[in-house]
Amino acid sequence: MLALPKWKVVFKSPCESSSTSSVFEERDYRRLAEEALQNAIAIIEGDDWKKEKISGSDIIYSKVVPPYGKVFKFEGIVPLPPMKVVEILYFKGEEMHKWNPTVKRVKIIQKIDEYHDIAHVIATEGAAGLVSSRDFVNVRIWKKKDSGYVHGSVGITHPDVPVKAKYVRGEQGPTAYIITPADENGETSKLQWLLNTNLKGWIPQYLIDQTLSIVMMEYINSLRKFSATKANV
């Protein structure tokens, strides 16, 4: 999890007026988000990926990336235009629990600007209850890139979301979605998704690998199912 440099950031209380300190804070968040996004894209586009799981045309790859450890990449097609994918994953992130069974809650705790915010995510249990619920605090970013979009996030610390005993605080490394048109009309999207997370706690690596692969497939299948309903319009 990336901690903001304490010498740079002074958090503003709700009763204080706008000041240079709050601008510093937001600038640091934006910098972290941008750096993490570029790092994640470089990992996605890098070599040495090994196939971990295949389901139809969906493929999950994995490789070890220092200093993060084992990371996973999904590649497949989703029946939505690229901007609609961004809308569901970013702009309607707080509604994710309605369609994604791997998520209990997403709450935006700080809106930075049109392209950046900070989210608190609570994940459901995994591996038939063997992996307890985790929570994550992430700075998120989205932007237009060529004919598609990119959406990324990375774990941070934030004074409004301290660690609580109820959940194990997971650590998310640089993570990203690359979303590009998969057909001439732009009605479907090619999705590349890098999952880079440390679940923390004493969990055997084989169980982590199995859990994260299952979570990725559940996530994508739920997104496809949701796209077929009127709920996402």
Is [Y] reachable from [X] through a run of I, L, V, M, F, W or Y residues, each pair having side-chain heavy atoms under 4.5 Å apart?
X	Y	value
Val85	Phe226	yes
Val121	Phe91	yes
Ile220	Met217	yes
Val168	Val161	no
Met83	Leu223	yes

Any donor-acceptor pair under 3.5 Å from [X] side chain to [Y] backbone:
X	Y	answer
Asp146	Gly148	no
Glu94	Ile108	yes
Arg134	Lys200	yes
Lys166	Ser133	no

Test of ring centre spacing under 6.0 Å for Trp193 and Phe72: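 No, the ring of Trp193 stays outside the 6.0 Å limit from the ring of Phe72, centre to centre.
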Pairwise side-chain contact, Tyr177 with Gln192, heavy-atom cut-off 4.5 Å (strictly under):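 They are not in side-chain contact.
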Close side-chain approach of Ile118 and His158, heavy atoms under 4.5 Å: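 Yes, side chains in contact.
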So which atom in [X] and which in [Y] form the shortest heavy-atom distance, rounded to 0.1 Å?
X	Y	value
Pro181	Pro82	N-CG, 3.8 Å
Asn39	Pro174	ND2-CG, 3.8 Å
Ile60	Ser213	CD1-O, 3.5 Å
Pro162	Arg169	O-NH2, 3.3 Å
Ser62	Lys70	OG-CE, 3.4 Å
Lys63	Asp47	NZ-O, 2.7 Å

Between [atom1] of [X] and [atom2] of [Y], what distance do you get to the nearest 0.5 Å?
X	Y	atom1	atom2	value
His116	Arg31	NE2	CZ	11.5 Å
Glu171	Phe136	CD	CZ	9.5 Å
Thr175	Asn138	OG1	CG	7.5 Å
His97	Thr124	NE2	OG1	13.0 Å
Met216	Asn221	CE	CG	12.0 Å
Leu199	Thr197	CG	OG1	5.0 Å

Salt bridge (charged side-chain N to carboxylate O under 4.0 Å, His left out) partners for Asp160, two or more places apart: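 With sequence neighbours excluded, Asp160 shows a salt bridge (charged side-chain N to carboxylate O under 4.0 Å, His left out) to no residue whatsoever.
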Set of salt bridge (charged side-chain N to carboxylate O under 4.0 Å, His left out) partners for Lys143, sequence neighbours left out: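 Listed in chain order: Glu34.
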Any pair counted as salt bridge (Lys or Arg N to Asp or Glu O under 4.0 Å), so long as it reaches residues 107-120, sequence neighbours left out: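 Salt bridge (Lys or Arg N to Asp or Glu O under 4.0 Å) check on residues 107-120 returns Arg30-Asp113, Asp117-Arg140.
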Ring geometry between Tyr115 and Trp142 (parallel below 30°, tilted from 30 to 60°, perpendicular above 60°):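 Taking Tyr115 first and then Trp142, their aromatic rings sit tilted (interplane angle of 30° to 60°).
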Salt bridge Glu218-Lys225, side-chain N to carboxylate O under 4.0 Å: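 A salt bridge is absent here (no side-chain N lies under 4.0 Å from a carboxylate O).
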Short N-O contact, Lys92 and Glu95, less than 4.0 angstrom: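 No, Lys92 and Glu95 are not salt-bridged.
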Exercise: do Gln172 and Ser153 side chains pair donor with acceptor under 3.5 Å: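 A donor-acceptor contact under 3.5 Å links the two side chains.
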side-chain contact (heavy atoms from CB on, under 4.5 Å) partners for Thr188, two or more places apart: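 Partners of Thr188 by the side-chain contact (heavy atoms from CB on, under 4.5 Å) criterion, ordered by chain and then number, come out as Ile77, Ala182, Asp183.
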All side-chain contact (heavy atoms from CB on, under 4.5 Å) counterparts of Asn100, not counting sequence neighbours: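 Asn100: side-chain contact (heavy atoms from CB on, under 4.5 Å) contacts with Met96, Thr102, Val103, Tyr219.
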Identified side chain to side chain contact (heavy atoms under 4.5 Å, CB included) counterpart of Leu80 within the set Ile179, Ile88, Leu191: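 Of Ile179, Ile88, Leu191, side chain to side chain contact (heavy atoms under 4.5 Å, CB included) with Leu80 is met by Ile88 alone.
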Residues, nucleotides or ligands: over 12 heavy atoms within 6.0 Å of Lys53 NZ: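 No, because the 6.0 Å sphere around NZ of Lys53 holds 12 heavy atoms or fewer from other groups.
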Leu37: hydrophobic cluster co-members (side-chain, 4.5 Å):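 Members other than Leu37 - counting any ILVMFWY side chain reachable under 4.5 Å - are Ile41, Ile43, Ile44, Trp49, Ile54, Ile59, Tyr61, Val65, Tyr68, Val71, Ile141, Val150, Ile178, Leu194.
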